[in-house]
Amino acid sequence: MNLRLALLPSIGIAALLALPVLAQQVPVQPVPLPQTAAQSAFAQPVASTGDPDARADALIKQMTLAEKLSLLHGHYPNEMPVRPEGVTKSAGWVPGIARLGIPALRMTDGSLGVAAAHQFDNPATALPSGLAQAASFDPRVAFSGGAAIGSEARAKGFNVMLAGGANLVRDPRGGRNFEYLGEDPLLAGIMGGEAVKGIQSNHIVSTARHFALNAQETGRKVLDARMTEQDLRESDLLAFEKLVEIGDPGALMCAYNKVDGDYACENRGLLAIPRNDWGWNGWVMSEWGAVHSTVKSAAAGLDQEMGEELDPHVWYGQMLADAINTGLVKESQVDAMVHHILRSLFAHGVMDNPVRQDGAPNLAAGAKIAQEAAEKGIVLLKNSRNLLPLTASTSHIAVIGGHADAGVMSGGGSSQVKPAGVQALPPPQVKPSFIDNIYLDPSPPLDAIKAAAPAASVSFNSGSDILDAVAGASSADVAIVFATQYTTEGMDAQMKLDGNQDALIQAVAQANPNTIVVLETGGPVAMPWLDKVAAVVEAWYPGSRGGAAIANVLFGRADPEGRLPVTFPYALSQLPNPELPGSLLPRPDRSGDAQPEPFAANYPEGADAGYRWYAKRGQAPLFPFGFGLSYTTFSEDLTAFDPASLTATVSVINSGQRTGTDTPQLYVSPPGGTKRLVGWAKATLAPGQAATYTIAIDPRFAARFDLRNRQWVLPAGTYVLELAASATAPGVTMNVDVKEIRLPSNWRPRDGLAPVALEGQAAPAPAAPPPG
Ligand code: BGC
């Protein structure tokens, strides 16, 4: 098909802003968001009243300089030598100003639940990892999870949640990949924005973080992440831009690392972008121990120094007062910094809905949401002979390894949540200094498998003795090997399973042709045994109810609807950096988080992170971005494209025998550029059922960023639209010829597009094959 379009040649900023608003024709979301269970179960609809800016200014007028300064630096209660009464161990605390009704800021990590390292006696819901949530490709999963953990944070007395991690996964070894939302800016931006929106629906503030380019943990506090602004704008910053647009986070946390020469927390160019181009007006808080100056930081746009116990000086305490006295920082600047904080507290309802310390978290509701998220994020990678789903009549199941009798793997670091029933395992041999143990979330898969197949004989073998495990597996109808990879903040991983699990899987697969591997990993791992096993299920870190979710997928009570939010490479040699930057540098000791001397980290993929890199290099990965099997089959078609609204129409038919969920993905290859995801649909269909969806393209996700003119540019030429089941699957294509289109750097979907003239008509789409 060849559709010729003539978009207006070039649109000036003024002209564009004067155009009628077409936002409803260019929706932000590819998936509509009905009111969710979480919204009704958790949101506390007390609207904040009045203009937040005016209310903030009125308060500032009444504040002394000392009071203003007191809001600009905050503590790390976990490390305070003496904690004031009423301050619990937690990530952050900034004293309030009682006489003005300004509440203390009580901050908790993190994106996956209320993380409080000490709180065995005060459990919280552990959501599945960020990658698991992203694998659902379902914004409702992100919103519901955010609403649930935000509600728990509020119930536990916190009014700021350190969540909203949207750094793109650039290397499968990144220690914090599990907290983030994958390698694609649209997916990460939408899921991050919905999570933030869910958290803030509880009238608490969420951050977005770690701004920006925290792509690895090795040397995270000293490295200089190098990337051109253009590449950044088209990748990590684009993810944050979308997140901010959808979620409007009250705060943004700058990262530890440098970005192109300057520490992120004192990087004027970087910190100006959200305010100047995205219309964001919250406050910038620092990472814990990431401030390196007073005057430079304040001038660059850092509003608040957090975790001051980790800094060599309290940069924003007496040192900021001195800088004001000597005229290096103006008091009006301090007022602006305080304004950013107070206006966010007003805008997000923190002032009008004060948190209390005596709430009761709704853990039962949280567990339900965590389980649903886990189920929706599980990815079926291989299913030879349709071995899965298992039926209740399978009579002998050998469950092996992965502590499947005790729980499911979780990731380590500040995001670690401790749900009721969490189990501690010894820490890894090399570990970050702040890690005490590896933790298993509850809900052992073994129990859930036994419950799903009550008539079966289900055995368990820990897998520590391979011969023993093989002996038990050989006579079983199926052998299910649970295989784990522990990853943590503060230390990068290897792209492989821990210990001798590869050998265990090889041996079990040799003994039993019906071997199923269930992976609980932080991110991609190598699979040297892939050809030998019958089925592979990626369950990530599946959270509080992970075991139940895994069993539901194994037994077909839930269709495996997850799709990979990251590419799984064959080997490290395929990566942009086969050797992780800084990994060979000497370090002062062997602890995982010991910092080497400062170094530059180059990311040669630039804007082309993840699948775009592999496409550019012509490399076939082990499993591509977007990949995932279902228990049924679908046929997908791209039937129309409307140039006025940049909206594609797609149809999906369930051509198999079971109800299942498809995720048809729309990619665009701009002229001379790599293929990018510009939208998707989620289609849950009964056998033979068909449905039609419209997918609105946000033009920034197919554009280049023109730095000189500070505009998004869709260069003239032929664009290939492709509807496909993954980033590499052959899909249905449509060629679209476009004349150059330009949008200002502060363009948002609600600004609409210039009217575009259609020169030709799309040829009718080929009829979808009949079901069956
Ligand atoms: C982590 C942040 C976290 C902070 C407070 C830092 O080490 O990198 O993600 O929010 O600690 O716990």
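This one's a predicted model, so the numbers in the text were calculated from it and none came from an experiment. Ligands are counted one by one from 1 in listed order, and the atoms in each one are counted from 1 as well.
Atoms of ligand 1 lying under 4.0 Å from at least one heavy atom of Met253, given by number and element, are 10 (O). The distance from ligand 1 to the heavy atoms of Arg176 drops below 4.0 Å at these ligand atoms: 1 (C), 2 (C), 8 (O), 9 (O). Which parts of ligand 1 touch Ser414 is read off a 4.0 Å heavy-atom cut-off, strictly below it: atoms 1 (C), 2 (C), 3 (C), 9 (O), 12 (O). Each of the following atoms of ligand 1 lies closer than 4.0 Å to a heavy atom of His210: 2 (C), 9 (O). Close approach of ligand 1 to Arg209 (heavy-atom distance below 4.0 Å) involves ligand atoms 2 (C), 3 (C), 9 (O), 10 (O).
Not a single heavy atom of Phe434 sits closer than 4.0 Å to an atom of ligand 1.
Closest approach of Ser344 to Val205, counting heavy atoms only: O-CG2, 4.3 Å.
Under the 30°/60° scheme for interplanar angles, the aromatic rings of Tyr263 and His292 are found to lie parallel.
With a 4.0 Å heavy-atom cut-off, ligand 1 is reached by the side chain of Arg220 but not by its N, CA, C or O.
Looking at atom 5 (C) of ligand 1, its nearest protein heavy atom turns out to be Asp109 OD2, 3.3 Å. Here the heavy atom of the protein found nearest to atom 6 (C) of ligand 1 is Glu287 OE1, 3.1 Å.
Between Arg587 and Asp593 no salt bridge is recorded (no basic side-chain N to carboxylate O distance below 4.0 Å). Taking the charged nitrogens against the carboxylate oxygens, Arg233 and Asp277 do have a contact shorter than 4.0 Å, which makes a salt bridge. Note on Arg170 versus Glu183: no salt bridge recorded, every NZ/NE/NH1/NH2 to OD/OE distance being 4.0 Å or above. Between Arg275 and Asp303 there is a salt bridge, since a side-chain N of the basic residue sits under 4.0 Å from a carboxylate O of the acidic one.
Atoms CG and CG, on Asn257 and Asp224 in that order, are 8.5 Å from each other to the nearest 0.5 Å.
Considering both main-chain and side-chain atoms, Tyr256 comes within under 3.5 Å of ligand 1 through a nitrogen or oxygen pair.
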